[in-house]
Amino acid sequence: MNGRRTPVRIVALLLAVAATGTLAYAFSNARQGYAPRQPILFKHTRMAGAPVWQTNEKGEQVNVGGFGIPCLYCHTMPYKGRHSTLPSTAVCMNCHSTVGLNKEWVLKMKEYWDRGEPIPWVKVHDLPDFVYYDHSAHLNAKDEKGNPKLPRTDAQGNAINVCENCHGKVEQLDIVAVQNPFNMQWCLDCHRKPEMKASTDCVTCHR
Ligand code: HEC
Ligand code: HEC
Ligand code: HEC
Ligand code: HEC
Ligand code: HEC
């Protein structure tokens with residue numbers, strides 16, 4: 001990124017916007033709430049949520065809640081790279097070659113596996129290509145004292161999952177939906193917080 005080329009890029013971006021007339025989009029909430037239908041009804045509540053024990057009619061304890069699988073078991077990359085990555089079907093089959101074989105959606109998943117096809121998950125979050133975003137830069141960001149910049153607690157001081165800062169409580173969603181605006185204003189609102197000391201230069205996100 002040298003200083004002379006940078007303005008040219010931003011001007012090009014502005015011209016492209018002028019041509020398509022979509023600047024308002026940078027401030028719109030068009031993404032929030034987006035929850036596309038997935039090829040398999042994969043429920044984060046069931047896989048990543050907290051367990052809820054109930055006694056069934058036979059007097060046995062059954063978990064009708066979640067199995068508490070850690071986010072990083074399936075989304076392996078967020079501390080290491082730009083993308084968080086979705087799990088391959090092999091990860092699901094670690095358990096599902098033996099578990100849940102009486103469940104409709106598990107059987108459907110096995111059909112993809114047997115055909116050797118990846119599950120065609122539909123992207124939920126999908127920023128335009130002219131925006132640069134990097135998970136690892138966010139999750140590893142530390143202040144001068146070496147403490148992580150992104151909060152690991154809520155306003156009441158209770159521990160939260162760091163992903164929650166942007167994605168909300170995914171483990172409580174049957175179907176993942178975009179929980180925040182994910183527009184330029186939203187990114188900048190956090191970058192401008194004094195404790196974040198994150199850059200607001202155009203080239204940070206448009207490079
Ligand atoms: C058992 C594996 C598994 C676990 C555990 C898991 N996920 Fe997922 N996650 C998936 C799969 C599969 C998808 C794609 C299907 C979907 O969007 O529902 C997904 C989708 C997502 C998406 C949307 C991706 C996109 O397209 O934009 C987010 C965000 C996400 N997960 C966050 C989390 C967080 C946060 C946790 C921990 C609280 C978590 N996941 C735990 C498997 C998992
Ligand atoms: C660590 C083990 C484990 C992994 C990994 C795992 N699951 Fe599961 N899954 C379970 C268990 C246990 C159940 C509950 C089975 C039951 O109720 O009979 C389950 C249930 C399900 C169900 C049925 C939910 C319902 O209640 O209708 C679906 C669909 C599912 N899993 C999809 C997936 C997908 C897709 C992946 C990979 C992204 C995955 N699972 C990874 C253990 C796992
Ligand atoms: C600072 C905000 C922020 C935090 C914190 C965050 N994400 Fe994301 N996440 C994003 C953005 C922005 C995107 C969309 C990236 C794109 O479209 O290029 C995204 C996309 C994703 C996706 C879709 C695949 C991808 O990488 O594009 C998954 C899965 C995901 N995040 C999981 C997680 C998990 C798991 C955590 C916690 C370990 C997490 N995220 C923490 C902002 C965040
Ligand atoms: C919850 C707060 C928060 C949100 C929301 C957020 N960021 Fe950040 N961002 C940070 C922090 C903290 C840093 C690291 C600052 C440092 O330590 O240099 C950062 C750094 C960055 C960097 C620099 C990464 C690098 O490689 O140097 C980029 C690019 C970036 N953010 C893009 C985005 C985009 C795009 C969005 C919105 C889609 C966004 N951020 C939303 C807090 C946030
Ligand atoms: C922290 C990250 C971040 C910074 C810093 C940033 N932007 Fe953006 N910008 C975004 C995101 C995210 C979008 C995508 C908005 C959308 O599609 O909803 C965007 C979109 C845009 C668009 C296109 C709007 C459209 O409707 O297509 C323009 C033009 C733009 N930014 C210019 C700038 C300029 C000029 C600066 C410096 C003054 C700047 N941006 C700084 C994150 C950033």
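Computed from heavy atoms alone, side chains included, the values below leave out hydrogens, waters and symmetry copies. Every number for a ligand or one of its atoms is a count from 1 in the order of the listing. For reference, positions follow the sequence shown, starting with 1.
Of all protein atoms, those that are N, O or S and lie under 2.8 Å from atom 8 (Fe) of ligand 2 total 2.
Residue Ala137 approaches ligand 4 through these ligand atoms, each under 4.0 Å from one of its heavy atoms: 24 (C), 25 (C), 26 (O). Proximity to Ala141 (heavy-atom distance under 4.0 Å) selects the following atoms of ligand 4: 14 (C), 17 (O). Each of the atoms 33 (C), 34 (C) of ligand 4 lies under 4.0 Å from some heavy atom of Tyr133.
Classification of Glu117 and Arg115 as a salt-bridged pair holds, one side-chain N sitting under 4.0 Å from a carboxylate O. The pair Arg46-Glu171 fails the salt-bridge criterion, with no side-chain N (NZ, NE, NH1 or NH2) lying under 4.0 Å from an Asp/Glu carboxylate O.
Closest to atom 38 (C) of ligand 1 among all protein heavy atoms lies Cys71 SG, 2.7 Å. Among protein heavy atoms, the minimum distance from atom 1 (C) of ligand 4 is reached at Cys190 SG, 2.7 Å. Shortest contact from atom 27 (O) of ligand 2 to any protein heavy atom: Lys103 CD, 3.9 Å.
Proximity of His191 to ligand 4, defined as any heavy-atom pair under 4.0 Å, is confined to the side chain (atoms from C-beta onward). With a heavy-atom cut-off of 4.0 Å, Leu41 touches ligand 2 through its backbone alone. Contact annotation: for Lys142 versus ligand 4, there are no heavy atoms closer than 4.0 Å. Only the side chain of His44 comes within contact range of ligand 1, with a heavy atom under 4.0 Å; no backbone atom does.
Aromatic ring centres of His75 and Tyr73 lie farther apart than the 6.0 Å criterion allows.
Within the 2.8 Å limit, Cys74 places no N, O or S atom next to atom 8 (Fe) of ligand 1. At least one N/O/S atom of His138, whether from backbone or side chain, sits less than 2.8 Å from atom 8 (Fe) of ligand 4.
On a distance-only criterion, Glu171 and ligand 1 share no N/O pair closer than 3.5 Å. Close N/O approach between Asn161 and ligand 1 is not found [any backbone or side-chain N/O within under 3.5 Å]. Considering backbone and side-chain N/O atoms, Val124 comes within less than 3.5 Å of an N/O atom of ligand 1.
Its N, O or S atom nearest to atom 8 (Fe) of ligand 1 is what matters here, and for His75 that atom is NE2.
When Thr85, Val176, Val122, Asn94 are checked for heavy-atom proximity to atom 22 (C) of ligand 1, Val176 turns out nearest.
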